[in-house]
Amino acid sequence: MIVIGAGLAGLVSAISLLQRGRSVTVLERRSVPGGLCGSTHINGYKFTLACNDFGSSMRRYLSEIGVSLTFDEHASVWHVGDEKYVLPPTPETQETLARHKADSDRLAEAVSQPGFDEKFESAAQLLEATVRDPGYADFRTLPSYVSGLDPAKHRLDWFLQGSSKNPDYGYDNLITPIEGPEQITEALVERLSQLGGSIHYDTDVHGIRDTDGGKAVTTSRGEFHTRTVVSGKGRFSSNEPRSGLELATLHIATRPEAPFPSGVHTVGNLPAGLGRSMAALDAGRLPDRFAFHIFPCAATEAYRSFNVYFYYPRGVEELDESTSTAVRSYITGELDRMIPGFASAIVFQRLVSPTQFKNEHGLRRVSIQDILPAGTGKPAIRDAATGVYHVGNTVGPPAYHACAAVLSGLQAAELVAPEAGRARTA
């Protein structure tokens, strides 16, 4: 069998098929595996490539395919004006939430009513109708920020997926591999090799055609013939504006003694009027104040490294020099407010736009790849028209994150398992 793409979903589906006794060859267009789950080095500093934390279900999904890793459990801290929310909630956060009980009760009451999803079409409509306190509304807009969506365009069902327990992805209990997210990729590649699978790197797939015996996959390295194809390229090929906003990164290296909250992975800044800020970005404008979050990448005796993520305005490829300087100044100023003493420990910064990231790594960092019309769900893993199975965040299980992508790989393997076939190079 052929699996196209050595991202998390592709690797997981390949390993699950190997466990079922299938012969599997993975074709990867890049020179390294893992997709967005890896690391990069800049000026001698190590930085996380993209995905950095996971729901607790990741541990369970990996266990199903014989991969065991040690994870750290950690908190996230979100600063909203003068208030601070620690998730999972601490006693202090519970006190903060108690001050907003009336708003919380109205919100819960609204979504419990029959037909509420017909009354409200977007996250913004729901919050505007139920939440009176502007600061609490900013906090409850967090799922829109994480998704890279203007809350006025954030489908209500997608907005509520974060608190859904079906399936239970465990994003209320975040975990991270102790040595960094690239550990997941390394462990998957090792497991694939143990089971007899192989990966062909630097292999561009040009097309898939039907043959009498199954399918032929045309690549830059020749043709591969197989009965079944699993593709990590997804079901869609659309680009902006059908996707969510793309992430930019401010890479920061500090002296090793730089302060950062113990037991915390993510520290986020949600400005007043978060919904308006996200709307401005969606309209192609960079607001004076915008949301961002920071997380640690590596810690050595010589330095600590961090990534700061924030969204670029839609359609803007690069910021001019003065705007870039203002962005860095705003971020470091807010970081020093949230983490006193952090800014003075910085020794290196590099701002990487979404366009630069694509040019350097051949990948896009976008949470929502395709904004589907209201009332529609992700398409099925198996494309009935082509007979190709797809994995990743454009198909299968609900939500858009690494755990959903990995689950799609497991589900694809279950669907494919009855089909046998051995790949061979023509």
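Predicted model only: the values in this text are computed from it and were never measured.
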Worked check of side chain to side chain contact (heavy atoms under 4.5 Å, CB included) between V347 and Y45: CA-CA 11 Å; V347 297; Y45 303 113; 3.8 Å; yes
Using salt bridge (Lys or Arg N to Asp or Glu O under 4.0 Å), reason through E92 and K84 one step at a time and then give a plain yes or no. CA-CA 9 Å; E92 292 77 11; K84 182 172 71 172; over 6 Å; no
Side chains of [Y] and [X]: any donor to acceptor distance under 3.5 Å?
{"X": "T249", "Y": "R365", "result": "yes"}
{"X": "S63", "Y": "R59", "result": "no"}
{"X": "T93", "Y": "T90", "result": "yes"}
{"X": "T211", "Y": "H225", "result": "no"}
{"X": "N269", "Y": "H293", "result": "no"}
{"X": "N52", "Y": "H265", "result": "yes"}

Sidechain-backbone polar pair: [X] side chain, [Y] backbone, donor-acceptor under 3.5 Å:
{"X": "N43", "Y": "F348", "answer": "no"}
{"X": "Q356", "Y": "S353", "answer": "yes"}
{"X": "D150", "Y": "A152", "answer": "yes"}
{"X": "S305", "Y": "K46", "answer": "yes"}
{"X": "S122", "Y": "Q125", "answer": "yes"}
{"X": "S112", "Y": "E109", "answer": "yes"}
{"X": "S408", "Y": "G392", "answer": "yes"}
{"X": "K119", "Y": "P114", "answer": "no"}
{"X": "S193", "Y": "V189", "answer": "no"}
{"X": "T203", "Y": "Y201", "answer": "yes"}

When rounded to the nearest 0.5 angstrom, what distance separates [atom1] in [X] from [atom2] in [Y]?
{"X": "E28", "Y": "D204", "atom1": "CD", "atom2": "CG", "answer": "9.5 Å"}
{"X": "M58", "Y": "L62", "atom1": "CE", "atom2": "CG", "answer": "6.0 Å"}
{"X": "L270", "Y": "R289", "atom1": "CG", "atom2": "CZ", "answer": "11.0 Å"}
{"X": "T130", "Y": "R140", "atom1": "OG1", "atom2": "CZ", "answer": "8.5 Å"}
{"X": "K358", "Y": "E246", "atom1": "NZ", "atom2": "CD", "answer": "4.0 Å"}
{"X": "F159", "Y": "S147", "atom1": "CZ", "atom2": "OG", "answer": "9.0 Å"}

Given salt bridge (Lys or Arg N to Asp or Glu O under 4.0 Å), test E223 with R209 step by step and report yes or no. CA-CA 10 Å; E223 259 190 4; R209 59 182 175 84; 2.7 Å; yes
Identified ring pair (Phe, Tyr, Trp, His ring centres under 6.0 Å) counterpart of F310 within the set Y145, F292, F290: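 The option that passes is F290.
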Any non-hydrogen side-chain atom of [X] less than 4.5 Å from a side-chain atom of [Y]?
{"X": "I178", "Y": "L69", "value": "no"}
{"X": "L281", "Y": "P313", "value": "yes"}
{"X": "R314", "Y": "L245", "value": "yes"}
{"X": "T185", "Y": "V32", "value": "no"}
{"X": "L188", "Y": "I65", "value": "yes"}
{"X": "T254", "Y": "F260", "value": "no"}
{"X": "Y311", "Y": "S367", "value": "yes"}
{"X": "V229", "Y": "M1", "value": "no"}

Which atom pair, heavy atoms only, marks the closest approach of [X] to [Y]?
{"X": "S144", "Y": "A123", "value": "OG-CB, 4.0 Å"}
{"X": "A258", "Y": "R304", "value": "O-NH1, 3.1 Å"}
{"X": "L149", "Y": "G244", "value": "CD2-CA, 3.9 Å"}
{"X": "L36", "Y": "R364", "value": "CD1-O, 3.6 Å"}
{"X": "I339", "Y": "P259", "value": "CG2-O, 3.5 Å"}
{"X": "C51", "Y": "P181", "value": "O-CG, 3.3 Å"}

[atom1]/[X]: more than 12 non-hydrogen atoms of other groups inside 6.0 Å:
{"X": "R276", "atom1": "CZ", "value": "no"}
{"X": "E317", "atom1": "CD", "value": "no"}
{"X": "E121", "atom1": "CD", "value": "no"}

For residues [X] and [Y], establish whether the separation of their ring centroids is below 6.0 Å.
{"X": "H100", "Y": "F139", "value": "no"}
{"X": "F342", "Y": "F306", "value": "yes"}
{"X": "Y169", "Y": "H401", "value": "yes"}

Yes or no on salt bridge (Lys or Arg N to Asp or Glu O under 4.0 Å) for R29 and D202, after CA distance, side-chain angles and deciding distance? CA-CA 5 Å; R29 65 180 175 84; D202 300 308; over 6 Å; no
Side chain to side chain contact (heavy atoms under 4.5 Å, CB included) evaluation trace for L97 with Y85: CA-CA 8 Å; L97 292 171; Y85 296 83; 3.8 Å; yes
Step-by-step side chain to side chain contact (heavy atoms under 4.5 Å, CB included) determination, T332 to Q349: CA-CA 10 Å; T332 54; Q349 294 185 56; 3.9 Å; yes
Could you go through R191 and Q19, starting from their C-alpha distance and side-chain angles, then the distance that decides it, and tell me whether this counts as side chain to side chain contact (heavy atoms under 4.5 Å, CB included)? CA-CA 10 Å; R191 179 63 172 155; Q19 285 181 313; 3.4 Å; yes
Are T394 and Q369 close enough, and set up right, to give a side-chain hydrogen bond (donor to acceptor under 3.5 Å, both in side chains), and what steps lead you there? CA-CA 7 Å; T394 64; Q369 292 172 294; 5.0 Å; no
So among S57, C403, S56, which one has a side-chain contact (heavy atoms from CB on, under 4.5 Å) with Y171?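 Going through the options one by one, the only one that passes is C403.
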